[in-house]
Amino acid sequence: MHWVDVYAEKLLELGSNHIIESGTGISGQPHLGSAGDIIYADGIHKKIIEMGGSSRAIWAMDDMDGLRKVPAQLPKEFEQYIGQPAFKLPCPDGCCDSFVEHFTSPFLEELARADVKPEAVSVAQMYIDGKYDEVVRIALEKASEIRVIFEDISGSVREEDWLPFFPICQNCGKILSTKAYEFDGRKVKYRCRGGIAGKADIPGCGHEGEVGIREGKLPWRVEWAARWSHLGVTCEPMGKDLTAAGGTYETSSIICEQLFGSKAPMPVPYEFIVMSGKKLGKSIGRVLTFGDMAKIVTPEISKYFFFRSQPTAHKNIDFEFAIPKLAEDYENAERVFFGDTSNVPEKEIEDIKRSYELSQISGMPDAPGQASYSHLLSIIQTNLDLEGNVDWDGVLKTLARTDNITQLDERTMAKGNAVKTWLDTTAPEDVKFAIQKEMPADIELNDDERKFITELAGAISKVNWEAGLIHDAIYETSQACELKAGQCFKALYKIFLGKNRGPRLGFLLASLDRDFVVGRIEEATKI
RNA sequence: GGGCCCGUAGCUUAGCUAGGUAGAGCGCCCGGCUCUUAACCGGGUGGUCUUGGGUUCGAAUCCCAUCGGGCUCGCCA
């Protein structure tokens, strides 16, 4: 059984109403891993409903959290906001109402296009609206119990007067720099004495004051427990960092059960996504969000990436070399789904079909997609104009010949655009080819190849300029020279592309100017 | 020091949540093809499933231990 269904069934054994939560810190653009968190939750959520249970998928944005450091893409001026809660920050580009909206709305739109539509909940808004009043009050009143739990689970000792609450300083606006020390049942007294975020110190302003319980937040582990209890969360995917013993999940579970009297949700631990050891430098650009991935391989294939293996399996995404392979895996799953189960072990058929199904975004297609990613990769490059734009009519002509496709349907266009995006962004030079306007400087031809080229120079000038005839002329010349055709094709690729391989030569050359081709071949006889 | 995850062919890996003779892709080798969609077709090479125990009629799979890798907790989202 597919792991998504295993979780859904386990949950339904526990009860029929479920809240599947996911959550993301808003300290910049949410990355691919955050999207995975929500995609996993969405898969389980949908399965529960499909099996007759009721379920809500909730996505909590942690916008009450203080800004720890300035993300790379933000202007330096944002340093002034370090320590302040995210929900109060302005939009970095002035295009949205707020910092949070700037990052979350594109993220949610990208996911929505993949048919992943959780109910978004602002944590800050829950505090401000008083939704957390009760849990905050319980936490403050039972501060000593929480302190004991922290000590038992993780061995960390808090100060005598420690309170599980971080007020927003009324003077400097920071939330990472305050220390609450007294709760009188209504107000919390605090000192803005400075704090720590990662390795950096967050200086405080020294202000002393008191705030209401809606003007600050609980510490993470307490807040998580409070949220579970308040929303009735029954299941939540989480990164493996949170599931370590003595870690966040364990502590929060105990707080949830002991203080709030609620059962902790079923965790769905998952591995982090690794980007093939490559740094996310300028060469790879911004390619680390779900939207970027969806543009490079389509939303369906992006979802397939998450569903095809166990959430705990290591996930290595390589935006350079592994993209066609990922697409091929998906296309293979598609064939399996539509009944071609050759090459697939019996045992895996069910899960492969299910992974494919989970990856769809607008119902089940009634037939496999027609053109493969790899094929499009090749034919799109043979149909680029000088500005690098795709000649879709040319692509269609090729597809008509190779795949019997009479029109570019939505799926084919989506895949074609994805291929083009990949070529324009992270595709490695190895998979790219382009007609060399000048004879490539550093190529070498051996005696056989030179002989072939010389023969061909005579033959090619007499050929009618049609793909099939050009191809025949090349083949016949190779036979006449008693050479392997493969070697001869290679020689031509070298002089036209500067590479050893390429797309079908007859069609490639036919699309070029005849004089140019003949001229290049004649030029090559002098190498 | 504690915990979690991973370890299967040269490489990438499936199978572990059904215990039933280890499967695939890439690569490589041979053969074929009026010979190329960075292909295709046929055949082949290649794994003591990290290692050692245990349970079992039977273990890659379950249990215990071991080694190696990654991550994480002990300050802190």
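Below, chains carry the letters A, B, ... as their sequence lines are ordered, and counting in each starts from 1.
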Chemist: Would you kindly give the CG-to-P distance between A:L497 and B:A38, to the nearest whole Å?
Modeler: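 Nearest whole value for this atom pair: 11 Å.
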
Chemist: Starting from C1' on B:G15, measure out to CD1 on A:I349 and report it in whole angstrom.
Modeler: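 Rounded to the whole Å, the gap is 13 Å.
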
Chemist: Using a heavy-atom cut-off of 4.0 Å across all strands, would you classify A:E476 as base, sugar-phosphate, or nothing?
Modeler: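 No contact at all - A:E476 keeps every heavy atom at 4.0 Å or more from the nucleic acid.
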
Chemist: Which whole number of Å gives the distance between the P atom of B:C67 and that of B:G15?
Modeler: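 That atom pair is separated by 28 Å.
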
Chemist: Nearest to the side chain of A:T312, which nucleotide is it out of B:C5, B:U34, B:U17?
Modeler: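 Looking only at heavy atoms from C-beta outward on A:T312, the closest nucleotide is B:C5.
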
Chemist: Please measure how far the P atom in B:C30 lies from the corresponding atom in B:G54, and state the result in whole Å.
Modeler: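 About 46 Å, rounded to a whole number of Å.
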
Chemist: May I ask you to say what A:F150 touches in the nucleic acid, namely base, sugar-phosphate or nothing, with a heavy-atom cut-off under 4.0 Å?
Modeler: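 Nothing, no heavy atom under 4.0 Å.
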
Chemist: Taking a pair as Watson-Crick or G-U wobble with both distances under 3.5 Å, which nucleotide is matched to B:C16?
Modeler: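 Looking at the geometry, B:C16 pairs with no nucleotide.
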
Chemist: Examine the side chains of A:S372 and A:E328 and answer whether a donor and an acceptor come within less than 3.5 Å of each other.
Modeler: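 No - no donor-acceptor pair under 3.5 Å links their side chains.
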
Chemist: Please determine whether a side-chain nitrogen of the Lys or Arg among A:R221 and A:E250 lies less than 4.0 Å from a carboxylate oxygen of the Asp or Glu.
Modeler: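 Looking at A:R221 and A:E250, the cut-off is not met.
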
Chemist: Checking all strands, does A:K432 fall into the base, sugar-phosphate, or nothing category for heavy-atom contacts under 4.0 angstrom?
Modeler: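 Result for A:K432 = base.
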
Chemist: With both distances under 3.5 angstrom, what nucleotide forms a Watson-Crick or G-U wobble pair with B:C4?
Modeler: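 Paired with B:G70.
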
Chemist: What integer number of Å spans the C1' atoms of B:A22 and B:U13?
Modeler: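 One C1' to the other, the span is 13 Å.
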
Chemist: With a 3.5 Å cut-off and no angle check, do the side chains of A:E331 and A:Y304 form a donor-acceptor pair?
Modeler: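 No, no side-chain donor-acceptor pair sits under 3.5 Å.
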
Chemist: Looking at the side chain of A:Q310, which of B:U34, B:G15, B:A77 is the nearest nucleotide?
Modeler: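 Looking only at side-chain atoms, A:Q310 lies closest to B:G15.
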
Chemist: Pick the P atom in B:C41 and in B:C35, then give their distance to the nearest Å.
Modeler: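 Between the two P atoms, the distance is 14 Å.
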
Chemist: Which one, B:U17, B:G25, B:A77, comes nearest to the side chain of A:K325?
Modeler: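 For the A:K325 side chain, the nearest candidate turns out to be B:G25.
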
Chemist: Among the nucleotides B:C35, B:A14, B:C73, which one has an atom lying closest to any side-chain atom of A:A485?
Modeler: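 Among the listed nucleotides, the one closest to the side chain of A:A485 is B:C35.
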
Chemist: Checking base pairs now: Watson-Crick or wobble, both atom distances under 3.5 Å. What partners B:G42?
Modeler: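 Looking at the geometry, B:G42 pairs with B:C30.
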
Chemist: In this structure, how many angstroms lie between the P atom of B:G3 and the CE atom of A:M238, rounded?
Modeler: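 Atom-to-atom, A:M238 to B:G3, this comes out as 20 Å.
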
Chemist: What is the distance, rounded to the nearest whole Å, between atom CG of A:L242 and atom P of B:G2?
Modeler: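 After rounding, the gap between these two atoms is 22 Å.
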
Chemist: What's the gap between B:C5 and B:U45 when it is taken at their C1' atoms, as a whole Å value?
Modeler: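 Roughly 34 Å separates the two C1' atoms.
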
Chemist: Under 4.0 angstrom, heavy atoms only, what part of the nucleic acid is A:R158 near: base, sugar-phosphate, or nothing?
Modeler: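 It contacts sugar-phosphate atoms only.
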
Chemist: Sort out the partner of B:A77 for me: Watson-Crick or G-U wobble, both distances under 3.5 Å, none otherwise.
Modeler: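 Paired with no nucleotide.
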
Chemist: Side chain of A:S309, heavy atoms from C-beta onward: which of B:A14, B:A77, B:U34 has the nearest atom to it?
Modeler: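 Ranking B:A14, B:A77, B:U34 by closest atom to the A:S309 side chain puts B:A14 first.
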
Chemist: So, is the end of the A:R354 side chain (NZ or CZ) under 6.0 Å from the ring centre of A:F307 and within 45° of the ring's axis?
Modeler: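 Checked: cation-pi criterion not met.
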
Chemist: Just call it for A:D329: base, sugar-phosphate, or nothing, with non-hydrogen atoms closer than 4.0 Å on any strand.
Modeler: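 Answer is nothing: A:D329 stays at 4.0 Å or more from every strand.
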
Chemist: Measure from NZ or CZ of A:K353 to the centre of the six-membered ring of A:Y356 and say whether it is under 6.0 Å with the direction within 45° of the ring axis.
Modeler: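 No, A:K353 does not sit over the ring of A:Y356.
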
Chemist: Among B:C5, B:C35, B:A38, which is the nearest nucleotide to the side chain of A:F433?
Modeler: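 Side chain of A:F433 sits closest to B:A38.
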
Chemist: Relative to the 5' end of RNA chain B, which residue comes earlier, A:K490 or A:D62, by the nucleotide with the nearest heavy atom?
Modeler: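 Comparing both residues, the 5'-ward one is A:K490.
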
Chemist: Between B:G25 atom P and A:Y373 atom OH, what is the distance in whole Å?
Modeler: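 So the OH-P distance, A:Y373 to B:G25, works out to 22 Å.
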
Chemist: Between B:A77, B:C35, B:A38, spot the one nearest the side chain of A:W220, thanks.
Modeler: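 Looking only at heavy atoms from C-beta outward on A:W220, the closest nucleotide is B:A77.
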
Chemist: Judged by each residue's nearest nucleotide on RNA chain B, which is more toward the 5′ side, A:D65 or A:F489?
Modeler: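 The residue closer to the strand's 5' end, by nearest nucleotide, is A:F489.
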
Chemist: Would you mind reading off the distance between A:K217 atom NZ and B:A77 atom C1', rounded to a whole angstrom?
Modeler: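 It is 8 Å, rounded to the nearest whole Å.
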
Chemist: Using atom C1' of each nucleotide, how far apart are B:A24 and B:G46 to the nearest Å?
Modeler: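 Roughly 14 Å separates the two C1' atoms.
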
Chemist: If the P atom of B:C6 is compared with that of B:U17, how far apart are they to the nearest Å?
Modeler: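 The same atom, P, in both gives a distance of 11 Å.
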
Chemist: To the nearest 0.5 angstrom, please state how far the CD1 atom of A:I44 sits from the SG atom of A:C235.
Modeler: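 A:I44 CD1 to A:C235 SG: 4.5 Å, rounded to 0.5 Å.
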
Chemist: Please state the C1' separation for the pair B:G27 and B:G44 - nearest whole angstrom.
Modeler: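 So the two C1' atoms sit 14 Å from each other.
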
Chemist: Tell me: NE2 of A:H2 to P of B:C16, nearest whole Å?
Modeler: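 Between P of B:C16 and NE2 of A:H2: 11 Å.
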
Chemist: Atom CD of A:E350 to atom P of B:A14: distance rounded to whole Å?
Modeler: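 The answer, rounded to whole Å, is 18 Å.
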
Chemist: Compute whether any side-chain donor of one residue and acceptor of the other, for A:S355 and A:R308, lie under 3.5 angstrom apart.
Modeler: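 Side-chain D/A pair, A:S355 to A:R308: absent.
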
Chemist: Between A:I254, A:T248, A:I255, which is the residue that forms a side-chain contact (heavy atoms from CB on, under 4.5 Å) with A:S252?
Modeler: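 Result for side-chain contact (heavy atoms from CB on, under 4.5 Å) with A:S252: A:T248.
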
